[in-house]
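The next block holds one structure in the form of structure tokens; read it before the comments.
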Amino acid sequence: MDKNRKEDFKRCIPELYPRLHRAMTAYLAGSSVEADDILQETFLKAYHHLGSFEGKSGYYTWLYSIARNLCIDEFRKRKHEKARSSVPVEEYVLSSDEFTTDGERDDVLLLRKAIAQLPELLRSVVIMFTIDGMTYPEIAEVTGINEQTIKNRMFRARNELAVMLKKMGVDQS
Amino acid sequence: MNRENRRSTMKREDIEAKIVDAADGRLSEKERLELEEQLRAYPGLLQSYYDIMNLPDLSSAYRGCWQIETTSEFMEFLRILKRRILKREQ
């Protein structure tokens with residue numbers, strides 16, 4: 001394989017890792033799958049398959065699709081989705097959080113729990129758009145689904161979140 | 001699916017995408033008012049529209065979280081990755 005491409009990829013890792021780490025941690029919130037394990041496999045797989053990277057998009061969206069597929073494989077192995085809803089809300093608390101009031105803190109934790117309870121197809125779109133800041137065309141590229149369908153999934157995701165948050169008693173007025 | 005149903009499904013999907021555009025703040029005031037007018041013919045979607053527009057900012061759920069605070073975590077990640085790459089290449 002082209003040695004230059006390998007070197008170029010290595011140079012990009014410090015820039016790619018923090019963003020992907022953040023996105024995968026959000027995506028995996030409430031699951032027993034570790035983001036760092038997924039990231040190790042992702043970068044290793046990408047490095048060994050750099051020859052198949054067409055370069056139409058950036059490394060990031062390519063890596064994201066590899067990482068997401070690895071997560072889905074892992075969910076299947078662990079039959080993870082069924083267990084997700086049983087994760088107590090306290091497990092979503094992270095030490096770096098900053099809240100001005102207890103009410104705000106509770107609402108944010110419930111929002112995280114609601115996002116984590118979305119089916120994978122909807123959760124991944126929410127994470128990619130709102131957390132990772134990807135555009136709809138980029139999400140379409142990662143998932144291999146057209147932009148219109150991505151928006152329809154975003155509609156369903158937001159609709160389901162509204163229902164869940166109402167049930168949880170979160171004030172949405 | 002007959003032609004009428006397909007047209008109706010397509011119409012609904014277009015409106016859903018428009019609601020998403022509104023929630024993302026991509027519609028002008030005029031476009032948003034036009035959408036609301038259009039939604040009066042679809043009471044279920046109109047309710048969804050109000051619910052979605054009233055959702056809290058979803059990005060606020062993760063603001064400030066999971067920043068890599070020290071380089072040591074990243075260095076450890078790189079060290080393991082390097083070792084695994086070398087092992088595979090041997």
Side-chain angles (χ1 to χ4, degrees), chain A residues 6 10 13-14 17-18 21-26 29 35-36 39-41 43-44 47-48 92 94-99 104 107-116 126-127 129-133 136 147-159 161-163 165-166 170-173, chain B residues 6 9-27 35 39 42 44-90:
Chain A
K6 279 189 172 180
K10 280 183 192 169
I13 292 177
Y17 173 81
H21 185 278
R22 184 169 186 266
M24 283 299 119
T25 309
D36 261 344
L39 260 65
Q40 276 287 338
E41 293 307 316
F43 279 97
L44 193 64
Y47 185 80
H48 288 294
Y92 297 90
L94 291 158
S95 58
S96 61
D97 290 344
E98 287 178 16
F99 304 102
E104 186 193 347
D107 284 354
V108 165
L109 292 179
L110 290 171
L111 181 56
R112 280 185 208 168
K113 187 174 185 182
I115 293 172
V126 169
I127 300 287
F129 184 78
T130 60
I131 313 306
D132 207 18
Y136 289 115
E147 210 179 316
Q148 168 86 16
T149 306
I150 295 294
K151 282 193 177 180
N152 294 131
R153 285 187 184 175
M154 185 56 112
F155 171 84
R156 283 171 52 206
R158 284 177 168 153
N159 211 18
L161 285 173
V163 172
L165 291 173
K166 266 186 195 171
V170 177
D171 181 21
Q172 295 173 62
S173 56
Chain B
R6 198 176 299 132
T9 305
M10 279 184 68
K11 176 89 175 164
R12 188 188 161 94
E13 286 176 353
D14 289 343
I15 295 172
E16 286 179 2
K18 266 270 163 53
I19 292 174
V20 169
D21 285 338
D24 292 342
R26 289 164 198 256
L27 296 189
L35 173 64
L39 284 169
Y42 305 88
L45 277 176
L46 182 63
Q47 185 56 53
S48 296
Y49 167 78
Y50 288 132
D51 290 344
I52 286 171
M53 293 303 277
N54 283 331
L55 272 175
D57 173 16
L58 301 182
S59 65
S60 69
Y62 300 97
R63 196 170 42 220
C65 298
W66 305 308
Q67 302 295 336
I68 308 297
E69 286 167 11
T70 62
T71 54
S72 62
E73 190 181 338
F74 174 60
M75 295 313 286
E76 175 66 5
F77 177 87
L78 264 190
R79 193 182 57 75
I80 297 169
L81 183 64
K82 211 174 194 176
R83 197 178 61 211
R84 294 183 70 192
I85 287 171
L86 284 173
K87 199 175 168 188
R88 282 275 290 268
E89 285 181 341
Q90 274 171 1

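Keep in mind the model is a prediction, meaning the values are calculated, not measured. Naming convention: chains lettered A, B, ... in sequence-line order (proteins, then strands); numbering from 1 in each chain.
For the atom pair NZ (A/Lys10) and CD1 (B/Ile85), the distance works out to 6.5 Å, reported to the nearest 0.5 Å. Atoms CG and CG, on B/Asp51 and A/Leu161 in that order, are 11.5 Å from each other to the nearest 0.5 Å. Interatomic distance, CG of A/Asn152 versus CG of B/Asp14, reported as 8.0 Å (0.5 Å rounding).
No side-chain heavy atom of B/Phe74 sits under 4.5 Å from any side-chain heavy atom of A/Pro18. Between B/Glu16 and A/Asn159, every side-chain heavy-atom pair lies at or beyond the 4.5 Å cut-off.
When all heavy atoms of A/Gln40 and B/Phe77 are compared, the closest pair comes out as NE2-O, 3.0 Å. Residues A/Ile115 and B/Leu58 share a closest heavy-atom pair of CD1-O, 4.4 Å. Residues A/Leu44 and B/Leu81 share a closest heavy-atom pair of N-CD1, 3.8 Å. Heavy-atom minimum distance, B/Ser60 versus A/Leu111: OG-CD2, 4.0 Å. Smallest separation of non-hydrogen atoms from A/Phe155 and B/Val20: N-CG2, 3.5 Å.
For the set B/Leu78, B/Ile52, B/Ile80, the entry with the most heavy-atom pairs within less than 4.5 Å of chain A is B/Ile52.
A/Gln148 contributes a side-chain N or O that, together with a main-chain N or O of B/Glu13, makes up a donor-acceptor pair within less than 3.5 Å.
A salt bridge links A/Arg158 with B/Asp24: at least one charged nitrogen is closer than 4.0 Å to a carboxylate oxygen.
A/Ile150 does not touch chain B: none of its heavy atoms, backbone or side chain, sits under 4.5 Å away. The contact between B/Ile19 and chain A is made entirely by side chain atoms (from C-beta outward), counting heavy-atom distances below 4.5 Å.
Under the side-chain contact (heavy atoms from CB on, under 4.5 Å) criterion, B/Lys82 pairs with no residue, sequence neighbours left out. Contacts of A/Asp132 classified as side chain to side chain donor-acceptor pair (under 3.5 Å), with partners at least two apart in sequence or in another chain: A/Arg19, A/Tyr60.
Counted within 6.0 Å of CZ on B/Arg84, heavy atoms from surrounding residues, nucleotides or ligands total more than 12; the atom is thus considered enclosed.
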